[in-house]
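Structure first, then comments.
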Amino acid sequence: MTRRTRQTASRIADPPAAPLLILDGIEVTDDAVWTWAQIPDGSTELMEDGELESATWATAAAMHTLLPVDTEYHLKIMWTRYSDEDYRESWKSASGVRAPGADYYIELGAHRIARNSDVGHFRRRIVLLGVRWPTRDTTSPWERRRQMVAAQLRSRAGMLRDAHDRVEELRPTVKRWFGQVRDSPLRGDPASAATIAWAYARELRRTADLTPVDDSELSGARLVSLMHGEVVPSPDGGYVTTRDAATGATRHVAVLVPAVNGFPADELEIPGGEWLALLTELTDVEASVRGVNHGRTGSLALLRTGRKWTRSQSLEAGEAGTAAPEEIDEAELALAERDREVRRRVDVLATSHPRWVVHAATVEELTDRIEALRRRYTGMVALELAPNIQDLLWKELLPGDRVRVREFGQVQPMRTLAGSWFHGGSAVGDASGPYIGGNLGATPGPVRLHLVSRTGDDRRMPTTMSFTGRSGSGKSTAVMLTVLAALAEGAWCLLADPKGDLAGIVEVADRVLGVPVQVLDVTAPDAAGSMDPMRWAPTADEARTLTLDALLGVLSGEDRRGTEAVLEAAIDRVLARPRELWSATAVIGELVATPGDTQAAHAARTLGETLSVRSRQSDVRAVLGTPAAGAAPMLSGRGLVYLRLDGLGLPQPGSVAEQWTVSQRCAMTTFRTSTAYALMQSRHVRELIKLVALTELHRITAYPEGRSLVQWLARTGRALKTYLLLDSQSAIEMAAIEGLVEQLVMSAAFEALGQEEQRAQAVLLHRPDAGPRLRQAQGMLGPGECVMRDRHNRLGLVAFDRLTEWIADTLSTDAAEDSADLYAYDTDVEQGGSESPDARLVAASADAAKPDDAAAEDAVGEQQHADRQERAR
């Protein structure tokens, strides 16, 4: 990169350019047409160096084409607040069924967005890239002045017709340019007329709203009212003061420029220095960069001139008998390298005029922010506050104006601007849908997660999302918040809880969303008969199959011999009855009531009696037991089914079925029935949004039935409109499930410290490996924070928002603290009930010391009594 010394150049003090007409993507001034593209936030914060280098070169190559040769461009980086009203309006435009309490849920999200924006946690970055397309000869100040006088003599209607004519003249060129911007790595779209007008107005009125008007065309009185502000230079020339004429609010603005040699080549090599991305770390600091792309021919001419100068300096030093200064040799080497790059069409040169804009409410605050800005750029770019020309530098900030102070220009490779990452950031999440948390990265703002989106592009994507991380990292709470988001959009949701600590979702879903909630603790007495397949299976064939499997599942191998036909016959007799009389209890009753004295009749009655005893086992009572009073069958419509599996005494994974105990066979039957219910719901009522959330996944996939459930839903969920949430402490085990990684549409990686876990999380995040940046993020996440990959394969740091303190407390999975009155001490003493605990302890110790068999028998009896009490509790 060439280094330019300070030059004395003419400064332009003409009045600032004023827009005559603003359309979507277009601004017309008195002498030019500007096209403006809005550049969305990128997702670069968690890229590794190799990825940043590739992306920098790709962006630089794209900008060679996007910025026309010898035509002025203008890059503006500004900040504004996120609008809670925009969030509400986005829900109004969305189609689909909503939960009864969805409006309250939406309002909670809007309130959180507004509050975080007010305190500065959320800041919306606006990046505009403009290109000046001249339509008439404006090479001389005299010609520009003549045109201004002529314009004043024309009627307003004539000026507006002329502006429209100039737009039509350039429309084909402008349309091609916007197509190139949209298809480039910048992914830009035409900026709305309101955004362009706001970008101009806020330089006059720093209190202007983002969307002052909704029209797609602005001219005349609308523009005049929008620009109703004034700017006054300070007495000392160190800043300017803007004043909103409508409200009287003032703001102090200072513009900083790079000092001589402000961009040393060794500081901004690939991947680029990120010198504009650093603005995120500072308060109320923006940027404006004007420049010209010299193209290949112009770049070579500049380099030839620069190399002639360095060679002449070397020759003069040699003639004087001295060595050339070291900086001359360095400049020659840098120029030679730039020359090779341009000749190989790797890069081109551009002259840039970067400006850093600082604003504050008071002069003291402005001074502090200027010093903070300089300190942050120490060692990268030397910045200075140019006195007595702040009014000229301020005019340069206006969209449609020009470079007025040229002596701070920098001749740089195009990759220096691309590598500033003005378009970088930490964008993640969806453009619509429920608010679920905040972006913790370079572009902080609300994160929206629309997992159940059915837009044209989204409906072709997989429907599975993973949540991994160490215990206590907040992943289960994130799953519950995601379930609430789906319930708000009218979904049927099944939340399987093998650990039993997610019960808070029940109260939140009921009180916040008002949706039907079914709680099934599979071992509780009041759940008896609720999971009976005869009661919830949609067809007789499915009821027949599932009931037969359940009845056979609780029998030992010896009991099953020759019983299949007998069971099928009994099931068929029950299915012949009216639907409201179908139940597994009725099937068992059919067997017990089998008439006749034949051996077959006797065997049927014996089988029925065996099944009747089995059906009273707590581990299978929910499937085969007599329905408790008011026990409803499994929910099949919209709402939440909270399935507690923590009481099941499942056998050890991989154990032989023939060796299972009665309770283990019963527990496995209930487990299989629950997976069958999830599969059944996924296949039926395809129009309904369905979501299955499986927490503590390692406990479920330890059994073949669980693995089959996960693989089936992951692979068929898109076609069946069924979404799958997977939560596990072991990313290694999740990544090892066959075919799962390819079916993940999103992933949330919470805190992980082990290298193997971090590598497995990287696989789930669709990254080839956990590089230094990703590993650092994985190890430094706090509770509720994660690295999220969205459906567009972008990574960002996200903190899930629990919306209110009450919701946070209710969804907490932490065990409550012990207290004196939680469980009273046992006071059952055969004699001397007033005996103190210490006295009982002494007596127990003395008894334990007895050497005779009676003491041993007493100790065993007491232990058995204690065990019975523990089971009762």
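Basis for what follows: all heavy atoms, side chains included, without hydrogens, waters or symmetry-related copies.
In this structure, the side chains of V515 and P100 come closer than 4.5 Å at one or more pairs of heavy atoms. With contacts defined as side-chain heavy-atom distances shorter than 4.5 Å, the pair V798/N439 does not qualify. Q518 has its side chain out of reach of L640: every pair of non-hydrogen atoms, C-beta onward, lies at least 4.5 Å apart. L451 has its side chain within reach of L725: a pair of non-hydrogen atoms, C-beta onward, lies under 4.5 Å apart. The shortest side-chain heavy-atom distance between E696 and K499 falls under the 4.5 Å cut-off. Side-chain atoms of V741 and H766, non-hydrogen and from C-beta on, do get closer than 4.5 Å to each other. Residues R718 and P462 are not in side-chain contact: their nearest non-hydrogen atoms beyond the backbone lie 4.5 Å or more apart. Looking at heavy atoms from C-beta onward, D619 lies out of side-chain contact with L650 at the 4.5 angstrom threshold.
Of the possible polar contacts, none joining the Q729 side chain to the R470 backbone as a donor-acceptor pair under 3.5 Å is found. Formation of a donor-acceptor pair under 3.5 Å by the R621 side chain with backbone atoms of T523 is found in this model. Not a single donor-acceptor pair under 3.5 Å links the side chain of E281 to the backbone N or O of L278. Between the side chain of H792 and the main chain of V428, no donor-acceptor pair closer than 3.5 Å is present. Counting only distance, with no hydrogens or angles, the side chain of S655 and the backbone of P651 share no donor-acceptor pair below 3.5 Å. Side chain of E489 to main chain of P434: no donor-acceptor pair is present (N/O by atom type, distance under 3.5 Å, no hydrogens or angles). Between the side chain of S708 and the main chain of E705, no donor-acceptor pair closer than 3.5 Å is present. The backbone N or O of L502 lies less than 3.5 Å from a partner atom in the side chain of D497, making a donor-acceptor pair. In this structure a side-chain-to-backbone donor-acceptor pair under 3.5 Å is missing from D430 to S432. Under the 3.5 Å distance criterion, the side-chain polar atoms of D790 are matched with a main-chain donor or acceptor of R794.
In summary, D801 and R112 engage in a salt bridge, as defined by a charged side-chain N under 4.0 Å from a carboxylate O. Taking 4.0 Å as the cut-off between side-chain N and carboxylate O, E51 and R767 count as a salt-bridged pair. Taking the charged nitrogens against the carboxylate oxygens, D84 and R88 do have a contact shorter than 4.0 Å, which makes a salt bridge. Look at R81 and D118 and you find a salt bridge, because one of the NZ, NE, NH1 or NH2 atoms lies within 4.0 Å of a carboxylate O, short of that distance. Taking a cutoff of 4.0 Å between a charged side-chain nitrogen and a carboxylate oxygen, R773 and E48 do not qualify as a salt bridge.
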Checklist entry - Taking it one step at a time, do V508 and W806 satisfy side-chain contact (heavy atoms from CB on, under 4.5 Å)? => result CA-CA 9 Å; V508 176; W806 173 79; 4.0 Å; yes

Next on the checklist: As a quick check of understanding, evaluate side-chain hydrogen bond (donor to acceptor under 3.5 Å, both in side chains) for R699 and S728, giving each step before the final call.
Outcome noted: CA-CA 9 Å; R699 296 192 178 187; S728 178; over 6 Å; no

Item to check | side-chain contact (heavy atoms from CB on, under 4.5 Å) evaluation trace for K721 with L688 | outcome: CA-CA 7 Å; K721 204 174 179 180; L688 178 67; over 6 Å; no

Checklist entry - Run the side-chain hydrogen bond (donor to acceptor under 3.5 Å, both in side chains) check on T443 and S426 step by step: do they pass? => result CA-CA 6 Å; T443 45; S426 57; 3.2 Å; yes

Next on the checklist: Under the criterion side-chain contact (heavy atoms from CB on, under 4.5 Å), I'd like the reasoning laid out for T701 against M734: C-alpha separation, chi angles, the key distance, then a yes or no.
Outcome noted: CA-CA 9 Å; T701 55; M734 186 181 293; over 6 Å; no

Next on the checklist: Using the rule given for side-chain contact (heavy atoms from CB on, under 4.5 Å), can you reason through T464 versus V745, listing the C-alpha separation, both sets of side-chain angles and the distance that settles it, and then say yes or no?
Outcome noted: CA-CA 6 Å; T464 301; V745 65; 5.7 Å; no

Item to check | Step-by-step side-chain hydrogen bond (donor to acceptor under 3.5 Å, both in side chains) determination, Q761 to T468 | outcome: CA-CA 7 Å; Q761 281 190 341; T468 57; 3.3 Å; yes

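Taking CG from L765 and CD from Q758, the interatomic distance works out to 11.0 Å, rounded to the nearest 0.5 Å. From S674, atom OG reaches atom CG of L494 across 8.0 Å, with rounding to the nearest 0.5 Å. Note that CG of L691 is 8.0 Å distant from CG of L487, once rounded to the nearest 0.5 Å. Expressed to the nearest 0.5 Å, how far CD of E733 lies from NE2 of H698 amounts to 7.0 Å. Here the CG atom belonging to D521 is positioned 8.0 Å from the OH atom belonging to Y642, to the nearest 0.5 angstrom. A distance of 11.0 Å separates NZ of K690 from SG of C493, quoted to the nearest 0.5 Å.
The neighbour count for E805 CD, taken as heavy atoms of other residues, nucleotides or ligands under 6.0 Å away, does not exceed 12. Open room surrounds CZ on R802; 12 or fewer heavy atoms of other groups in view lie less than 6.0 Å from it. Heavy-atom contacts from other residues, nucleotides or ligands closer than 6.0 Å to CZ of R115 number 12 or fewer. A 6.0 Å sphere centred on CD of Q755 holds no more than 12 heavy atoms belonging to other residues, nucleotides or ligands.
Among all heavy-atom pairs drawn from V662 and Q617, the shortest one is CG1-NE2, 3.9 Å. The minimum heavy-atom distance between G424 and T44, with the atom names listed, is CA-OG1, 3.5 Å. Across A631 and A528, no two heavy atoms sit closer than the pair CB-O, 3.7 Å. Between A693 and V483, the closest heavy-atom pair is CB-CG2, 4.0 Å. In terms of heavy-atom proximity, W421 sits nearest to A55 at CH2-CB, 3.5 Å. Scanning both residues, L635 and P516, for their nearest heavy atoms gives CD2-O, 4.3 Å.
Geometrically, R707 does not engage W712 in a cation-pi contact defined by less than 6.0 Å to the ring centre and at most 45° from the axis. Cation-pi geometry between R638 and W492 is not met: the NZ or CZ atom fails to fall both under 6.0 Å from the ring centre and inside 45° of the normal.
Between the side chains of T695 and S476, no donor-acceptor pair of N or O atoms lies under 3.5 Å. There is no side-chain donor-acceptor pair under 3.5 Å between S636 and W536.
The one candidate from T804, T810, D809 that meets the side chain to side chain contact (heavy atoms under 4.5 Å, CB included) condition with I807 is T804. Tested against D41, the residues R125, R123, R124 include a single salt bridge (charged side-chain N to carboxylate O under 4.0 Å, His left out) partner, R125. A side chain to side chain contact (heavy atoms under 4.5 Å, CB included) with L713 is found for one member of T463, L726, T722 and no other, namely T722.
Ring geometry for F467 against F800 counts as tilted: the plane angle lies between 30° and 60°, on a 0 to 90° scale.
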